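One-based numbering, in listed order, for ligands and for the atoms of each. These figures come from a predicted structure and were not determined experimentally. Residue numbers run from 1 in the order of the sequence given.
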Amino acid sequence: MRLSQSLIPTIKEVPSEAQIASHRLMLRAGLVRQTAAGIYAWLPAGLRVLNNIADIVREEQDAAGAQEVLMPTIQPATLWQESGRYEDYGKEMLRIKDRHERDLLFGPTNEEMITDLYRQSVKSYKELPQAAYQIQWKFRDEVRPRFGVMRGREFLMKDAYSFALDYAGAVIIYRRMMLAYMRTFQRLGVKAIPMVADTGPIGGDLSHEFIILAPTGESQVFYDAAFEDVDYGAGNFDIDKSEDLERFFGIMTGNYAATDEKHDLDAWGKVAEDRRREGRGIEVGHIFYFGTKYSAAMNFSVTGPDGQKLFPEMGSYGIGVSRMVGALIEASHDEAGIIWPDSVAPFKVGILNLKQGDAVTDAMAEDVYGKLRKVALYDDRSERAGVKFADADLMGHPWQIIIGPRGAANGMVELKRRATGEREELTVEAALAKIGLIAN
Ligand code: ATP
Ligand code: MG
């Protein structure tokens, strides 16, 4: 994209309403704009990040055997009356009446709706187990929306739901989802620690929250270095092999991890000193097994092998896709701005034309842009070099190709790596080869 013709409104001043780095940087880098309390419009650069994250989440959900669906954001109250949650959910639920005075709501989550969809069509044990997911907007009327997209009222969530015939089947899907989550976070370039979470009235230990490490995170976390040593990739674990899932789950649950609220000093003391890690973290995902809570309440049963009716054992699995944008920035930024991981950057490369209007730099910049059209943001504004340097650092492109009149006259550009600040003078071809991008 050409920055001169783009809705990427960078701002120099620090917005006074933003209390945390990611919120400030998302506004300053022109990724989002607030339209009402806790409700944001995603501008082109922000949307590219959101889509890149969603694509990685989607690939890993698919690889885990879940099928993608898209349910509506507006739901009928009747479904929630069946499960009993219409009253229980309280003020976080945005309730709406249509012109016929029918009660509707903007979905805060989708257990009821997915159970209804399965109930309509799945009748036999032969059709299970199954898992389905969507990446869809949710609305929760949070009392205190804050920290930008980290706690919004409208937010994008990946929510998956699983149906199995028995507890053993539910556990396999649960473990598979957990591995899919660790892979997702690994690909997003962040360290994530799964923590045992409260399961409420259902009990058991099948609920985990996923905390990603960021120095400015809300909670203090204590964990064993084991989580950092594991490669979650397909080379190490085959997601379709139950023995691999068992080995994976053993590592996830056999090593110490806790937030400050649940920190157990005795157990912590037993972790070898050189393996103790401490940091701050942000919750980005949550997975649950909840048995037949919804299938029984909503009377979704299938015929079992012996002809008896049975209620499927369910689980649900969330990742805050829009919260992840803020969390990634919390995990990766400096004074100058965002430092995007390569896998999610809105633009892999920023092209800086330091002397817009100069025939030689213009020609070279246009040529480079022509080769990198899909992955580059070309700063072709008639701004001072200093402004372009500052904005490129603020926007956080992993690479910058800096084109000035002196270098251009000799066929040279400067290549800067945002994460390290390293710069070197190269030919265009050498710069492209170093970035590893195929011209298109
Ligand atoms: P929290 O304790 O932060 O309110 P939750 O327990 O209500 O989260 P879940 O219902 O498990 O969250 O939702 C799954 C994921 O959706 C969370 O892990 C989080 O990443 C994201 N999420 C939840 N509420 C919000 C929100 N208000 N804004 C942005 N993301 C959210
Ligand atoms: Mg909540």
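Taking distance alone, with nitrogen or oxygen atoms compared against 3.5 Å, Val284 approaches ligand 1 more closely than that limit.
Atoms of ligand 1 found under 4.0 Å from any heavy atom of Val149, numbered from 1 in the order shown, are 29 (C). Distances below 4.0 Å separate heavy atoms of Glu142 from the following atoms of ligand 1: 24 (N), 26 (C), 27 (N).
Ring-plane geometry between Tyr232 and Phe248 is classed as perpendicular, the angle between the planes exceeding 60 degrees on a 0 to 90 degree scale with a lower cut at 30.
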(request) Please test Arg277 against Glu228 for side chain to side chain contact (heavy atoms under 4.5 Å, CB included), starting from the C-alpha separation and ending with a verdict. (result) CA-CA 10 Å; Arg277 299 283 183 276; Glu228 295 182 346; 3.5 Å; yes
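You'll find the ring centres of Phe147 and His23 outside the 6.0 Å limit. Ring centroid separation for the pair Tyr118 and Tyr161 does not come in under the 6.0 Å cut-off.
There is no side-chain donor-acceptor pair under 3.5 Å between Tyr317 and His286.
Counting heavy atoms only, Arg151 comes closest to atom 4 (O) of ligand 1 of the residues Glu283, Arg151, Glu218. Taking each of Met324, His286, Met157, Arg140 in turn, the one with a heavy atom nearest to atom 10 (O) of ligand 1 proves to be Arg140. Of the listed options Phe155, Phe139, Phe210, Phe155 places a heavy atom closest to atom 22 (N) of ligand 1.
Under a 4.0 Å heavy-atom criterion, Ser322 is not in contact with ligand 1.
Crowding of Lys123 atom NZ: a count of heavy atoms from other residues, nucleotides or ligands under 6.0 Å exceeding 12.
Under 4.0 angstrom from ligand 1, there are no non-hydrogen atoms of Asp159.
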